[in-house]
Amino acid sequence: MPYSVRELFARLIKCEAGGEGELGMKAVATIVMNRVHVAYGEYQRVCQGDLRKVIYQKGQFDCVKGTIAGKANPQTIWANPPEKIHYDVADWALSGNKVYNIGDCLWYMNPFSPKCPSTFPWNGTGKLRTRIRKHCFYSPTELYKDT
């Protein structure tokens, strides 16, 4: 039986941002929900406001990949059951809450360095907005509208 949307979201939050503290997890949850609610571009066209489709959209989250670079991925949503905090963050986001300084951001990434790249994804559809702990967060540029 497939996971409920809440369970799937809590698992994604743990896997993608479990080490980023409550604010970092809420910021990542905000990104995911921004993708659900964006009214234009790739995420609206492909996912059509469906959280499950956002989570499973090909190439978006390493935690939903069984293999990375030809090797088994030990950190997946299936291998890491969530804890109470992850359900709490999922419920918080599902209730319409957002981290205020994330705004309309649609992407985040860990640059594994002290500096965030000014654009991400690499096609220039996002511009740096802020950083929270290890993650850099990106708002859509005008280019995103045409994706």
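Please read these numbers as outputs of a predicted model, since none were measured by experiment.
Using modelled atom types and a 3.5 Å distance limit, the side chains of R35 and Q60 yield a donor-acceptor pair. No hydrogens or angles considered: nothing links the side chains of N97 and K26 as a donor-acceptor pair under 3.5 Å. Judged by distance alone, the side chains of S139 and D104 do bring a donor and an acceptor atom under 3.5 Å apart.
By the side-chain hydrogen bond (donor to acceptor under 3.5 Å, both in side chains) test, E20 is found to be paired with no residue, residues two or more places apart in sequence or in another chain being considered. For T130, there are no side-chain hydrogen bond (donor to acceptor under 3.5 Å, both in side chains) partners two or more places apart in sequence or in a different chain. For A27, the side chain to side chain contact (heavy atoms under 4.5 Å, CB included) test picks out V99, I102, I132, F137, with sequence neighbours left out.
Grouping the Ile, Leu, Val, Met, Phe, Trp and Tyr side chains by contacts below 4.5 angstrom, directly or via other members, places L51 apart from Y43. V64 and V46 fall into different hydrophobic clusters, where Ile, Leu, Val, Met, Phe, Trp and Tyr are joined by side-chain heavy atoms under 4.5 Å apart, directly or via other members. Both F61 and L8 belong to a single network of hydrophobic side chains, linked directly or stepwise wherever heavy atoms of I, L, V, M, F, W or Y lie under 4.5 Å apart. Linking Ile, Leu, Val, Met, Phe, Trp and Tyr residues whenever their side-chain heavy atoms come within less than 4.5 Å places V36 and I55 in a single cluster. Hydrophobic clustering, with ILVMFWY side chains joined whenever heavy atoms are under 4.5 angstrom apart, keeps M25 apart from Y87.
Scanning all heavy atoms of the two residues, the minimum distance from P117 to P111 falls at CD-CB, 4.0 Å. Here the closest non-hydrogen pair linking P140 and C105 is CD-CA, 4.5 Å. Between T141 and G124, the shortest heavy-atom contact is OG1-O, 2.9 Å. Closest non-hydrogen pair, D50 versus R52, comes out as OD1-N, 2.9 Å. Across K53 and C47, no two heavy atoms sit closer than the pair CD-O, 3.5 Å. The shortest heavy-atom contact between R131 and K134 is NH2-O, 3.7 Å.
For the atom pair CG (N80) and CZ (R11), the distance works out to 8.0 Å, reported to the nearest 0.5 Å. For the atom pair OG of S113 and NZ of K115, the computed distance is 8.5 Å after rounding to the nearest 0.5 Å. Rounding to the nearest 0.5 Å gives a distance of 12.0 Å between NE2 of H135 and CG of L23. Between the OG1 atom of T125 and the NZ atom of K145 there is a distance of 13.0 Å, given to the nearest 0.5 Å. Considering CZ of F9 and CG of D91, their distance stands at 9.5 Å, rounded to 0.5 Å. Rounding to the nearest 0.5 angstrom, the gap separating the CG atom in N34 from the OH atom in Y108 is 12.0 Å.
Residues T76 and K65 have side chains not in contact (no heavy-atom distance under 4.5 Å, counting atoms from C-beta outward). In this structure, the side chains of I68 and D62 come closer than 4.5 Å at one or more pairs of heavy atoms.
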Dump the intermediate steps for side-chain contact (heavy atoms from CB on, under 4.5 Å) on C136 and L128, then the final yes or no.
CA-CA 7 Å; C136 306; L128 180 63; 4.0 Å; yes

Evaluate I77 against Y56 for side-chain contact (heavy atoms from CB on, under 4.5 Å), listing each step before the verdict.
CA-CA 11 Å; I77 58 172; Y56 283 119; 4.2 Å; yes

M33 vs K98, test: side-chain contact (heavy atoms from CB on, under 4.5 Å). Steps then yes/no.
CA-CA 9 Å; M33 294 307 294; K98 294 182 173 213; 5.8 Å; no

In sequence, state the C-alpha distance, the side-chain angles, and the governing distance for V54 and V32, and then conclude on side-chain contact (heavy atoms from CB on, under 4.5 Å).
CA-CA 7 Å; V54 168; V32 174; 4.0 Å; yes

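Other residues, nucleotides and ligands place no more than 12 heavy atoms under 6.0 Å from the NZ atom of K127.
Screening W107, W122, Y144, F120 for a ring pair (Phe, Tyr, Trp, His ring centres under 6.0 Å) with Y138, the sole residue that qualifies is F120.
A donor-acceptor pair under 3.5 Å links the side-chain atoms of R129 to the main chain of N101, judged by distance alone.
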